[in-house]
Amino acid sequence: MRVIVGCEYSGTVRDAFIARGHDAYSCDLLPSDKPGPHIQGDILSILNDGWDLGIFHPPCTHLAVSGAAWFKNKVKEQAEALEFVRKLMDAPIPRICIENPVSVISSKIRKPDQIIQPYQFGHMEQKKTCLWLKNLPKLTATMNVFEDMMKLPKNKRERLHYLPPSPDRWKLRSQTYQGIADAMASQWG
């Protein structure tokens, strides 16, 4: 399959599909963190390039409900972010996944098809992740470590929530967990 992973600079999802024999590319305005097929540029400019599957991680800065306190000051930015999501959802690609944390996409566009957690895929952390799916099945958990994770203190299992301010905080919070990337590649590939 030809797979495009939009708004991904890490290469995590891209590489999971490549490992399973797919022709996969990442695309982001930023350069890729890892060597591999990467298109540095605007994802909207390549949506018509004959992809079989698109997995998109639109920036959550103006969408995530964790930033709701600032929404009143971001009306224009949020409207633009929602329009970007609509364009990704409407892309001429047969199978699409939009991935984002709990966000206004649910109230302004539509509810997600699935909400997953890293602990369902072998990671000892909590971070609700919403998936809006087009012609794709819901992901099946691959290694649920919920009971073990719940033995950890809250600041460990919700590590990303408790990260102190830093220049890389946004990057750490937006990372795709390897277990989720592997599940996407094995179940949707």
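From a predicted model like this one, the values you see are computed outputs, not experimental measurements.
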Verify same cluster id: Leu53, Leu133 (apolar side-chain graph, 4.5 Å):
yes
Considering only NZ, NE, NH1 and NH2 on the basic side and carboxylate oxygens on the acidic side, decide whether Asp90 and Lys87 come within less than 4.0 Å.
no
d(Lys108 NZ, Glu83 CD) to nearest 0.5 Å is 14.0 Å
Checking Gln40 against Tyr9: is there a side-chain donor and acceptor pair closer than 3.5 Å?
no
Trace of the salt bridge (Lys or Arg N to Asp or Glu O under 4.0 Å) decision for Arg2 with Asp23:
CA-CA 5 Å; Arg2 289 195 76 226; Asp23 183 21; 3.6 Å; yes
Would a 4.5 Å heavy-atom cut-off, applied to side chains only, mark Glu125 and Leu152 as touching?
no
Provide the closest heavy-atom pair for Leu88 versus Ile43 in the form atom of the first, atom of the second, distance.
CD2-CG2, 4.0 Å
Please check if Ile55 and Leu136 belong to a single hydrophobic cluster, counting links between Ile, Leu, Val, Met, Phe, Trp and Tyr side chain heavy atoms closer than 4.5 Å.
yes
Should Met149 and Ile115 be counted in the same cluster of Ile, Leu, Val, Met, Phe, Trp and Tyr side chains packed under 4.5 Å apart?
no
Is there a path of hydrophobic side-chain contacts, each under 4.5 Å between heavy atoms, that joins Met89 and Ile4?
yes
Nearest heavy-atom neighbours spanning Leu29 and Asp42:
CD2-N, 3.9 Å
Does Phe121 share a hydrophobic cluster with Val145, counting links as ILVMFWY side-chain heavy atoms below 4.5 Å and allowing steps through other members?
no
What one should report as the nearest heavy-atom pair of Pro92 and Asn48 is CG-OD1, 2.8 Å
So, for Trp51 and Tyr25, is the gap between ring centers shorter than 6.0 Å?
yes
As an exercise, state the distance from SG of Cys97 to CG of Asn135, rounded to the nearest 0.5 Å.
12.5 Å
Does Lys151 come within less than 4.0 Å of Glu147, counting only side-chain N to carboxylate O?
no
Nearest atoms (heavy-atom pairs only) where Cys27 meets Ile46:
SG-CD1, 3.9 Å
Lys111 side chain near Cys130 side chain, heavy-atom distance below 4.5 Å
no
With side chain to side chain contact (heavy atoms under 4.5 Å, CB included) as the test, would you mind laying out the steps for Gln78 and Val104 before giving the verdict?
CA-CA 9 Å; Gln78 189 174 86; Val104 297; 3.8 Å; yes
CE (Met143) and CD (Gln120) are apart, to the nearest 0.5 Å, by 12.5 Å
Nearest 0.5 Å, what's the OG1-CD1 distance between Thr129 and Ile180?
5.0 Å
Would you find a donor on one side and an acceptor on the other, under 3.5 Å apart, between the side chain of Trp132 and the backbone of Asn100?
no
Return the OG to CD1 distance between Ser103 and Ile98, rounded to the nearest 0.5 Å.
10.5 Å
Is there a donor-acceptor pair under 3.5 Å between the side chain of Gln126 and the backbone N or O of Tyr119?
no
Side-chain contact, heavy-atom cut-off 4.5 Å: Lys128 with Gln117?
yes
Taking Gln114 for the side chain and Leu131 for the main chain, is one N or O donor matched with an acceptor at less than 3.5 Å?
no
Hey, could you give me the CG/CD1 distance between Leu82 and Ile109, rounded to the nearest 0.5 Å?
5.0 Å
All heavy atoms of Phe17 vs all of Ala24, minimum pair found to be CB-CB, 3.8 Å
Would you please classify the geometry between the Tyr177 ring and the His123 ring as parallel, tilted or perpendicular, with 30° and 60° separating the classes?
tilted
Could you tell me whether a side-chain N or O of His38 sits under 3.5 Å from a main-chain N or O of Leu30, the two making a donor and an acceptor?
yes
Have Glu99 and His57 got a donor and an acceptor in their side chains that come within less than 3.5 Å?
yes
Nearest heavy atoms of Pro58 and Cys7, plus distance in Å
CA-SG, 4.0 Å
Decide yes or no on side chain to side chain contact (heavy atoms under 4.5 Å, CB included) for Ser26 and Val13, but give the supporting numbers first.
CA-CA 8 Å; Ser26 55; Val13 177; over 6 Å; no
Under 3.5 Å, side chain of Glu8 to main-chain N/O of Phe56, donor-acceptor pair present?
no
Is a donor on one side and an acceptor on the other found under 3.5 Å between the side chain of Arg110 and the backbone of Ser106?
no
